[in-house]
Amino acid sequence: MAGLHVLFEHASGYALFRVEETEEIGMLLPTVEKSVKSYEKFNSTVKLVAFSPFKSGTNALDNCNAISEGILHDDLKVFLENNFPLKKKKATLGIADPKIGSAIQEELGIPLTGGDVVLEVLRGIKLHFHLLVRGLTETSASKAQLGLGHSYSRAKVKFNVHRADNMIIQSISLLDQLDKDINTFSMRIREWYSYHFPELVKIVNDNYMYARLARIIGDRKLLKEDRLEELEEITMDSAKAEAIIQSAKSSMGMDISPIDLINIETFASRVVSLAEYRKSLHAYLQGKMHNVAPNLSALIGEQVGARLISHAGSLTNLAKYPASTVQILGAEKALFRALKTRGNTPKYGLIFHSTFIGRAGAKNKGRISRYLANKCSIASRVDCFADVPTDVIGNKLRDQVEERLSFYETGTAPRKNIDVMKEALSEMNEMIAKKKKEDKKKKKKRKLTENGDHNATTDGAEEEETPVKKKKKKGQSEGEQSAADISLNQSTATDGEGEGKKKKKKKKQSETEATVTETEVSQNESAVADGDSEGKKKKKKKKKETAEPEQEEEPAQAPKKKKKQAQALEESMVLADDEGEATPKKEKKKKKKDKK
């Protein structure tokens, strides 16, 4: 036990302590407990080696999350590498949490110890930590613990994996409570209103319908044949409506004061509102179950599946359960009673509310409940761990249960599980591909709508700018407008001329390329003509120099800018090239004359 070091994780930072008299402490644990209470004795045995505070609250929260998950954080790794004596062979590290201890041993190779001695030392460090570390007070340590505790709990609630399951658990528990409350309230209103109109109980059996009729009828003496249509809308039966009117005429009930009737009507309206809210809550639960657990709801129903999830605590817990526990889930009292008395264990729990067990015979109820629990465990695992939620596998599993029921009744052999699962997987892949295509189309539509909205906003801004310009034109005089129109016409005419000149330039360039080849051939054939051509080229250069200022004067007179001047210069260059390209033809004619 020589060279024992203890790691202590505090809300303010990491601390490493060295225990000096470990052999005596290990032999005498009661003396350790006495020394823990007094700071002087504890300080003589345990001394601080190093302390590394956290940089910020977020850094402390990151380290806390890593320790809770059993992951070695980089800050803790650097702290142990710098401060723990790794070179000493007898040095050991004492840690309370085995998860983080295994991570430290894997990455750093530090030998670990545990036991009563380490726990007692850590208990003493918790008591005297603010005294062992310099600059740390008891108030600052408690504030750090409180802040880290609040942030850790907030993060756990915010990033809860089972937050979708929590909505299902709360809604199914509220649905069960509403069923109980509506039944008790409807029985109360039946007893209360039967003093005045006792014959209505025998005519109407539904609680929701009875509460609506009690609210509408009120005083039975005022009920006449004029209100027959209102009664038919509620009862959805003309015979019942006529029976209510006739029984109201010859009723044996007592007379009630208007104040009592007002109280009965208000209570009936409350019962009706509760029943309507129960319907909306049931629809909400169905939508949630189709989103969270579609396969389980397709197999066993929304309410039974939601009860299984709520009893297990979450969908992941239900997926972790084996089929044997899913079969008995909800019948724990009967199971433990049977184990104590050594009697027969229960065959089913919450699964009994499904339609399959009710349809099966008395002999086959245990078999079908076991088979159904197996399929429920498969469906819950698919719902929990599937990337894209679909109800294909749930429908296939439901068909398998139906086939098993028919096998127990008629003896027809059901399909094999392998064939059914192959069909389910093929259909599931097709559904996933369709959903991906639909998602892509939706994204494209969103982008188009966003771009259309952006273009509409820009067009609206341009339309706002144009009338301002028109207003300015209206404010101008007639002479200014005519001058502006003339300048616009001139600019359009000059633009048209510029386009025509560009086309001519392209044609001339193509002709020059064709003639250049001819000139190269002629130059290779005769060397005598080179001197003549050089003299002619000099004349051409003089012509170019004289032609350029003449052509520069013309665009200066036109109302164009630098672009038009550049166009005129290019045209002059092209014309000069054309004149120069005519020389090789003359040279050929001279050669022919010389040969003759």
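Numbers for residues simply follow the sequence, beginning at 1. Computed from a predicted structure; not experimentally measured. Heavy atoms only: backbone and side chains are in, while hydrogens, waters and symmetry mates are out.
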For the atom pair [atom1] ([X]) and [atom2] ([Y]), what is the distance rounded to the nearest 0.5 Å?
| X | Y | atom1 | atom2 | value |
| --- | --- | --- | --- | --- |
| L122 | F8 | CG | CZ | 7.0 Å |
| I95 | Q105 | CD1 | CD | 9.0 Å |
| R404 | R370 | CZ | CZ | 10.0 Å |
| R381 | C376 | CZ | SG | 11.5 Å |

Heavy atoms, side chains only, cut-off 4.5 Å: are [X] and [Y] in contact?
| X | Y | value |
| --- | --- | --- |
| V6 | L93 | no |
| T235 | L213 | yes |
| S12 | P53 | no |
| L299 | D391 | no |
| N295 | L397 | no |
| R154 | Y152 | no |
| I393 | D383 | no |

(request) Write out all pairs satisfying side chain to side chain donor-acceptor pair (under 3.5 Å) with one or both partners inside residues 332-354, taking only residues at least two apart or from two chains. (result)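 Sorted result for residues 332-354: H311-E332.
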(request) Answer yes or no: is there a donor N or O on one side and an acceptor on the other, between the side chain of T410 and the main chain of F407, under 3.5 Å? (result)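 The answer is no, because no donor-acceptor pair under 3.5 Å joins these two groups.
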Compute whether any side-chain donor of one residue and acceptor of the other, for [X] and [Y], lie under 3.5 angstrom apart.
| X | Y | value |
| --- | --- | --- |
| E302 | H282 | no |
| S314 | N317 | yes |
| N395 | D399 | no |

So which heavy atom on [X] is nearest to which on [Y], and how close?
| X | Y | result |
| --- | --- | --- |
| I357 | K365 | O-CE, 3.4 Å |
| A268 | R215 | CB-CB, 4.1 Å |
| S377 | A323 | OG-CB, 4.1 Å |

(message) On the six-membered ring of F267, is R188 placed so that its NZ or CZ lies under 6.0 angstrom from the centre and within 45° of the ring axis?
(response) no
Taking 4.0 angstrom as the limit, do [X] and [Y] come out as a salt bridge?
| X | Y | result |
| --- | --- | --- |
| K435 | E438 | no |
| K55 | D75 | no |
| E423 | R415 | yes |

(message) Quick check on the 6.0 Å ring-centre criterion: do F51 and Y14 meet it?
(response) no
(request) Would you check if the distance from the ring center of F17 to the ring center of H5 is below 6.0 Å? (result) no
(request) Identify which one of K422, Q400, K396 satisfies the side-chain hydrogen bond (donor to acceptor under 3.5 Å, both in side chains) criterion when paired with N417. (result)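 Only match with N417 under side-chain hydrogen bond (donor to acceptor under 3.5 Å, both in side chains): Q400.
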(message) Can you list everything that forms a side chain to side chain donor-acceptor pair (under 3.5 Å) with S297? Sequence neighbours excluded, please.
(response)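 Checked S297 against side chain to side chain donor-acceptor pair (under 3.5 Å); zero matches.
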(request) May I have the step-by-step check of side chain to side chain contact (heavy atoms under 4.5 Å, CB included) for I100 and L76, ending in yes or no? (result) CA-CA 10 Å; I100 192 68; L76 181 58; 4.3 Å; yes
Residues 194-204, side-chain donor-acceptor partners within the protein, below 3.5 Å, at least two apart:
{"unit_1": "S194", "atom_1": "OG", "unit_2": "R190", "atom_2": "O", "d": "2.9"}
{"unit_1": "S194", "atom_1": "OG", "unit_2": "E191", "atom_2": "O", "d": "2.9"}
{"unit_1": "H196", "atom_1": "ND1", "unit_2": "R220", "atom_2": "NH1", "d": "3.2"}
{"unit_1": "H196", "atom_1": "ND1", "unit_2": "M254", "atom_2": "O", "d": "3.0"}
{"unit_1": "H196", "atom_1": "NE2", "unit_2": "D219", "atom_2": "OD1", "d": "3.2"}
{"unit_1": "H196", "atom_1": "NE2", "unit_2": "R220", "atom_2": "N", "d": "3.1"}
{"unit_1": "E199", "atom_1": "OE1", "unit_2": "S251", "atom_2": "OG", "d": "2.8"}
{"unit_1": "E199", "atom_1": "OE2", "unit_2": "M252", "atom_2": "N", "d": "3.1"}

